[in-house]
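Taking it in order: structure first as structure tokens, then the write-up.
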Amino acid sequence: MTTIATILKHKGHEVISVSPELTVSDVIHTLSERRIGAVLLQDGPKIGIVSERDIIHAFSAHGAATLQMKAREIMTRNVQTATPETSIRKAMEMMTEGRFRHIPVLDHGKLVGLVSIGDVVKARIMEQESEVDSLKAYVVGAA
Ligand code: AMP
């Protein structure tokens, strides 16, 4: 069973996080510069997340004033997390049910990575390809 640990082994453990006190304008620059869809925010011992989706919602509600708002004003506070032992299948389920595309990974409470829906789908396809290869080898061996 493939787990999130396998993804992190290939992808690395870097997590881009910013201060919740930064403005939305700063967050947009970070998202664009790093070519990512979401940033984490360290809010004391808790983590928040701001994704492109939150910025779109804020613009729809507040217009151009959004740019000067603080990241903490638009972040999602109730963040669902996984551990390195979480299966890829479970991570996909969380993303589908929760309608989000990012999951921070905590190992004994310590932030060790962030997986996106792209990482999870890629890992799932590789897992399925390897299952098909094993089955093919089995069928050929049995013939
Ligand atoms: P996303 O699809 O990741 O761009 O996020 C869609 C919405 O879900 C946004 O409001 C995000 O702040 C929120 N979100 C993203 N990741 C998570 C997560 N792991 N747990 C809870 N909410 C999240």
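Each ligand, and each atom within it, is numbered from 1 in the order the structure gives.
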### Contact partition for Arg99 relative to ligand 1, non-hydrogen atoms under 4.0 Å
backbone

### Query
Which of these, Val50, Ile74, Val115, Thr76, has its nearest heavy atom closest to atom 13 (C) of ligand 1?
Thr76

### Message
Among all protein heavy atoms in this structure, tell me which lies nearest to atom 20 (N) of ligand 1, with the distance rounded to 0.1 Å.
### Response
Gln80 N, 2.8 Å

### Query
For atom 3 (O) of ligand 1, which protein heavy atom lies nearest, and how many Å away is it?
His102 ND1, 2.6 Å

### Option among Val39, Leu31, Asp26 that satisfies the side-chain contact (heavy atoms from CB on, under 4.5 Å) test with Val18
Val39

### Task
Kindly compute the distance separating OG1 (Thr86) from CG (Leu106), expressed to the nearest 0.5 Å.
9.5 Å

### Task
List in chain and number order the residues that pass side chain to side chain donor-acceptor pair (under 3.5 Å) with Glu85, two or more places apart in sequence or in another chain; answer none if no residue qualifies.
Thr83

### Query
Against heavy atoms of Val79, which atoms of ligand 1 measure under 4.0 Å?
18 (C), 19 (N), 20 (N), 21 (C)

### Query
Against heavy atoms of Arg101, which atoms of ligand 1 measure under 4.0 Å?
1 (P), 2 (O), 3 (O), 4 (O)

### Task
State whether the number of non-hydrogen atoms from other residues, nucleotides or ligands found under 6.0 Å of Met94 atom CE is greater than 12.
yes

### Task
Pick one of side chain, backbone, both or neither for how Asp54 approaches ligand 1, counting any non-hydrogen atom pair under 4.0 Å.
side chain

### No-hydrogen, no-angle side-chain donor-acceptor test under 3.5 Å, Ser116 and Asp119
yes

### Task
Tell me which protein heavy atom sits closest to atom 15 (C) of ligand 1, plus the residue, atom name and distance to 0.1 Å.
Phe100 CB, 3.4 Å

### Message
Less than 4.0 Å is my threshold; does some heavy atom of Glu52 fall inside it relative to ligand 1?
### Response
no

### Message
Taking distance alone, with N or O pairs closer than 3.5 Å, would you say Arg53 contacts ligand 1?
### Response
no

### Task
Check for a donor-acceptor pair, side chain of Lys11 on one end and backbone N or O of Leu114 on the other, with a separation under 3.5 Å.
yes

### Task
Of the side chain and backbone of Asn78, name the one, both, or neither that has a heavy atom under 4.0 Å from an atom of ligand 1.
backbone

### Task
Within a distance under 4.0 Å of any heavy atom of Pro104, pick out the atoms of ligand 1 and give their elements.
19 (N)

### Query
Which residue and non-hydrogen atom of the protein lie closest to atom 5 (O) of ligand 1, and at what distance in Å?
Ser51 OG, 3.3 Å

### Query
Can you check whether Arg72's main-chain N or O pairs, donor with acceptor, with Arg77's side chain at less than 3.5 Å?
yes

### Query
Do Ser134 side-chain atoms and Ser130 backbone N/O form a donor-acceptor pair below 3.5 Å?
yes

### Message
The criterion is side chain to side chain donor-acceptor pair (under 3.5 Å); which residues satisfy it with Glu73, sequence neighbours excluded?
### Response
none

